[in-house]
Amino acid sequence: MRNLKIELPEWFDVFSLVCARGKEALQWDLPEAWVHAELYAELKRRAHSTGWVPFPTEVPYVTLYPVQLPKKTNRDWKTAGAVKWVDLCLRSEAHNAWCWFELKVRHVRKDKWYRNASLQAQDAFRKDVVALMGLDTNKTADTWTAPDTYTKAYWFEALLKPRAKSLPSGRHHLVAAFLQLDSEFDPTIWEEKNLIRQIHKWFSYRNKQAGHQRTCPRISVAKLVQPLAENRSLLVCTWSLGSEDMSNDP
């Protein structure tokens, strides 16, 4: 049953429902934590019909391309990778399929800082995308089983260790979403070709630093044709680990 195809959640529908519930909450200047929790709740409600069960907490994964480099005294990231805590991890036990989900939520208002805010958001987003591209399932399984002193938590034994063995053999889907509040996307920054070019540039930089030979995977970029209510814009990047459909760096 593991090889049967399983559909990912309908991300735009999930976000639409979450945003519709958050008119006041999304006015908060740092709304990402609220969106994060509400996404978990909505995905949990859908688990019976979708087959995707979200973990009830952020979980660590090992990436070859970290957003921030660990201290040299803590970890040699070029050989061991770096630990990053993913925003949401979902699992379909019947298919041994995994979905790793990173989220960014930003207020980007149409004012004199609009372009700078858009560029900063794009930079943060592409680094999350590349970190997911560096997912190493074998090293992640080892971390779940025998975490180092900088990573371990008391709940690893019950939540992560029993699932570690099935991790390397599973099918892994990677998702990165950016929810922009208060404005539509700047087309010169968030146009698909430009976004992918920027992702490739950061991937190439980290790849060269790490001395690896991975090829940047081909990703699918989807945006809502019409913004969500209250002038909210959403972009979602998806790809799968181990796909034969790979692209070379431009």
Side-chain angles (χ1 to χ4, degrees), residues 32 36 54-93 96-104 123-177 198-219 237-244 246-249:
E32 187 168 297
H36 190 178
F55 283 70
T57 184
E58 294 184 358
V59 300
Y61 73 97
V62 175
T63 176
L64 305 179
Y65 310 126
V67 173
Q68 295 181 329
L69 302 184
K71 293 181 179 179
K72 292 181 180 180
T73 54
N74 294 354
R75 193 178 184 99
D76 180 3
W77 73 275
K78 291 185 179 182
T79 58
V83 174
K84 190 176 188 306
W85 294 74
V86 74
D87 289 321
L88 289 168
C89 182
L90 300 89
R91 186 189 182 211
S92 170
E93 186 173 359
N96 192 22
W98 304 75
C99 178
W100 306 82
F101 181 97
E102 290 284 13
L103 170 70
K104 281 284 180 286
D123 185 56
F125 181 73
R126 70 169 180 163
K127 289 176 179 177
D128 270 359
V129 170
V130 171
L132 281 177
M133 288 177 172
L135 171 66
D136 187 305
T137 55
N138 286 300
K139 287 182 171 62
T140 299
D142 291 341
T143 293
W144 287 12
T145 304
D148 60 36
T149 55
Y150 303 101
T151 308
K152 67 180 179 180
Y154 72 92
W155 46 266
F156 277 33
E157 190 74 20
L159 187 65
L160 300 183
K161 190 173 182 179
R163 298 167 174 85
K165 187 176 181 180
S166 62
L167 195 63
S169 61
R171 181 65 175 171
H172 297 270
H173 304 277
L174 299 308
V175 181
Q198 294 303 319
I199 290 170
H200 274 264
K201 284 177 67 175
W202 185 253
F203 179 93
S204 297
Y205 174 70
R206 275 290 190 249
N207 205 29
K208 185 176 181 180
Q209 274 189 313
H212 293 298
Q213 299 299 318
R214 281 196 178 186
T215 302
C216 191
R218 181 174 297 166
I219 64 176
C237 291
T238 57
W239 69 100
S240 296
L241 185 68
S243 171
E244 294 180 0
M246 306 291 276
S247 63
N248 294 321
D249 289 350

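This is a predicted model, so every value here is computed, not measured.
Counting only distance, with no hydrogens or angles, the side chain of T145 and the backbone of D142 share no donor-acceptor pair below 3.5 Å. For the pair R75 (side chain) and P70 (backbone), a donor-acceptor distance under 3.5 Å is absent. The closest donor-acceptor contact from the side chain of R171 to the backbone of C99 lies at 3.5 Å or more, if one exists at all.
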Could you give the side-chain donor-acceptor pairs of residues 79-87 under 3.5 Å, partners two or more places apart or in another chain?
unit_1	atom_1	unit_2	atom_2	d
T79	OG1	D76	O	3.2
T79	OG1	D76	OD2	3.1
K84	NZ	E102	OE2	2.8
D87	OD2	L103	N	2.7

Would you give me the side-chain donor-acceptor pairs under 3.5 Å for residues 59-69, sequence neighbours excluded?
unit_1	atom_1	unit_2	atom_2	d
T63	OG1	Y65	N	3.0
T63	OG1	A131	O	2.6
Y65	OH	N207	OD1	2.5

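Counting heavy atoms from C-beta outward, R206 and K127 have side chains that stay 4.5 Å or more apart. Counting heavy atoms from C-beta outward, L132 and F101 have side chains that stay 4.5 Å or more apart. Counting heavy atoms from C-beta on, the side chains of L90 and H173 never come closer than 4.5 Å. Contact annotation: the side chain of F125 never approaches that of Q198 to less than 4.5 Å [non-hydrogen atoms, C-beta and beyond]. Within the 4.5 Å cutoff, side-chain heavy atoms of N96 are placed close to those of R91. T143 is not listed as a side-chain neighbour of D148, based on a closest heavy-atom distance of 4.5 Å or more.
Ring pair W98/W100 is parallel by interplanar angle, where below 30° counts as parallel and above 60° as perpendicular.
Each of I219, V129, L135 was compared with L174 under the side-chain contact (heavy atoms from CB on, under 4.5 Å) criterion, and only L135 meets it.
Annotation: the span from L167 atom CG to C89 atom SG amounts to 7.5 Å, rounded to 0.5 Å.
Heavy atoms only, all atoms of each residue included: R214 and D136 are closest at NH2-CA, 4.2 Å. Taking all atoms of both residues into account, the shortest heavy-atom contact from A210 to H212 is CB-CD2, 3.1 Å. Of all heavy-atom pairs spanning W144 and P147, the tightest one is O-CD, 4.2 Å.
Annotation for E58: atom CD counts as buried by contact number, over 12 foreign heavy atoms lying within 6.0 Å. Within 6.0 Å of CD in E157 there are 12 or fewer heavy atoms belonging to other residues, nucleotides or ligands.
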